[in-house]
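In what follows, a structure is listed as structure tokens, so that the remarks can point back to it.
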Amino acid sequence: MLANTFGRTMLRLYSRSADSLCGAVSNVGRKRFIWTVACKRRTLSVRLNSDERRQQHAFLPQGSTRAVHQTTVDPDELKYFQSLAIKWWDENGEFRALHAMNDLRVPFIRDNLLNVHKAHHPGKPLAGVRVLDVGCGGGLLTEPLGRIGAKVLGIDPVEESIGTAQRHLSCDPDLSERVSYRACTLEELSADMAEREAGQGDVLFDAIIASEVVEHLADLETFALCCDHVLKPGGSLFITTINKTNLSYALAIVVAEQLLRIVPRGTHDWEKFISPIELERRLESNGFSVKSVQGLMYNPASGAWTWINSDAINYALHAVKLAEEPQSDPQMGKPDHSAASHT
Ligand SMILES: C[S@@+](CC[C@H](N)C(=O)[O-])C[C@H]1O[C@@H](n2cnc3c(N)ncnc32)[C@H](O)[C@@H]1O
């Protein structure tokens, strides 16, 4: 009953545009800038560490004509996830919303991959598919993908989280044949793969997953570039993240973190949220074509996620790496959205 009422209220909110919500806020005497000031508070603390953050990486990954000069790492984010590293597998704890998200994201990834890789193994539809799970944390998504047959490498720069993931994996010897973990960033993995290219060569990945990760990165351009470097042409990139709207500030930060405490306080920085259009533009300028963007919603009362017809808060995106290198676009030109289906 409570769950249904909450769901209906949220759906009504979602169906309004972010601007109309902002109008409603202004009508009761609060101004648009109040959101911005509040959102910038956490960013300030991140900027205090900007020297630390600008550890420069410069290397030329596999088959690329463009070097990577930046790091995706925001040290504040790593400290934050380090403090939660033993909590990953508590289904009723801080990461319960991520546990619940598997009900939607695993089928989303599986079904899109099955459109390309035909299943030959009953019960293991992703058998033979090589997947990279970037920012895997404790392996909440890595393990289920391994269970449906994929050969998955989970990477995360937080060593403590990788330790938790490895300990959990060790309870299932069968799964250990298909799932492995490494404590590193995507740019480090990309550089290693480039260095070893002259030897036996690494097999590029068929798919990359970054679920609830891009909103924690210091540099999205480096992330997109490295994804391009480690993925096969025609390979899939799956991202789930949070849109940058006033509504996402209200629900993901005020409601989820501060009022209901579904997610620990300080998990998100609104400044780092990204709209599907902006993400699509970034990806397309790095050689990807976005195939679909789908909105989803978490109902804290029922603890379940559902697909919805709005991407105003959370969304899942599927992109495919094009065969050819993209032309560099100085203004990050206007992408052609005609191919992507948005809900
Ligand atoms: C919200 S958690 C999501 C974990 C996992 N993807 C899931 O959905 O269960 C965000 C993860 O991103 C990781 N992360 C933060 N900065 C990163 C970076 N620069 N590169 C890769 N992962 C990063 C964090 O350590 C954390 O494990």
Side-chain angles (χ1 to χ4, degrees), residues 46 49 52-55 57 68 70-91 93-106 108-109 131-146 152-166 168-169 179 181-191 207-227 230 237-242 252-253 256-257 262-269 272-273 296 298 305 314-317:
V46 172
N49 287 320
E52 217 182 332
R53 214 170 66 182
R54 292 207 180 92
Q55 307 144 5
H57 286 248
V68 174
Q70 289 283 341
T71 173
T72 58
V73 168
D74 177 337
D76 281 356
E77 297 278 0
L78 301 201
K79 276 180 214 152
Y80 174 77
F81 283 105
Q82 205 173 16
S83 71
L84 292 169
I86 55 163
K87 308 274 181 88
W88 284 107
W89 287 94
D90 177 358
E91 286 188 34
E94 282 83 347
F95 295 117
R96 63 186 181 277
L98 291 179
H99 281 270
M101 197 189 266
N102 280 353
D103 289 346
L104 297 195
R105 59 187 177 175
V106 174
F108 179 74
I109 294 165
V131 175
L132 175 66
D133 184 9
V134 179
C136 64
L140 306 191
L141 178 56
T142 329
E143 284 200 11
L145 293 174
V152 200
L153 171 64
I155 62 167
D156 199 292
V158 177
E159 283 186 22
E160 292 81 353
S161 293
I162 291 295
T164 300
Q166 278 166 334
H168 197 269
L169 178 66
V179 173
Y181 293 107
R182 183 173 157 189
C184 68
T185 62
L186 178 59
E187 52 275 24
E188 285 163 352
L189 181 74
S190 170
I208 299 176
I209 323 288
S211 188
E212 306 303 297
V213 170
V214 298
E215 66 272 26
H216 299 286
L217 304 182
D219 179 16
L220 207 50
E221 190 61 22
T222 300
F223 167 81
L225 186 54
C226 291
C227 282
V230 303
L237 171 62
F238 298 95
I239 292 175
T240 69
T241 189
I242 311 177
I253 295 180
E257 290 189 18
I262 303 158
V263 178
R265 202 178 260 260
T267 300
H268 295 116
D269 172 0
K272 286 164 121 187
F273 291 177
L296 61 157
Y298 182 65
W305 290 84
N314 297 83
Y315 61 94
L317 175 150

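Just so you know, ligand 1 is whichever comes first in the structure, and atom 1 is the first atom listed for that ligand. The analysis underlying the following values was restricted to heavy atoms, covering all of them including side chains, and did not include hydrogens, waters or symmetry mates.
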Can a non-hydrogen atom of [X] be found less than 4.0 Å from any atom of ligand 1?
X: Pro157; answer: yes
X: Glu77; answer: no
X: Leu217; answer: yes
X: Thr185; answer: no
X: Phe95; answer: no

Taking the six-membered ring for Trp, is the centroid-to-centroid distance between His216 and Tyr80 below 6.0 Å?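 Not close enough - the centres of the two rings lie 6.0 Å or further apart.
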### Message
Angle between ring planes, His168 versus Trp89, binned at 30° and 60°: parallel, tilted or perpendicular?
### Response
parallel
- Message: Can you classify the ring geometry of His268 versus Phe273 as parallel (below 30°), tilted (30 to 60°) or perpendicular (above 60°)?
- Response: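 Ring orientation of His268 relative to Phe273: perpendicular.
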Within the 4.0 Å heavy-atom shell around [X], which atoms of ligand 1 are there?
X: Cys136; answer: 5 (C)
X: Leu78; answer: 15 (C), 16 (N)
X: Arg105; answer: 7 (C), 8 (O), 9 (O)

Looking at Asp156, Asp133, Leu169, Val152, which hits side-chain contact (heavy atoms from CB on, under 4.5 Å) with Tyr181?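 One option only clears the test, and that one is Leu169.
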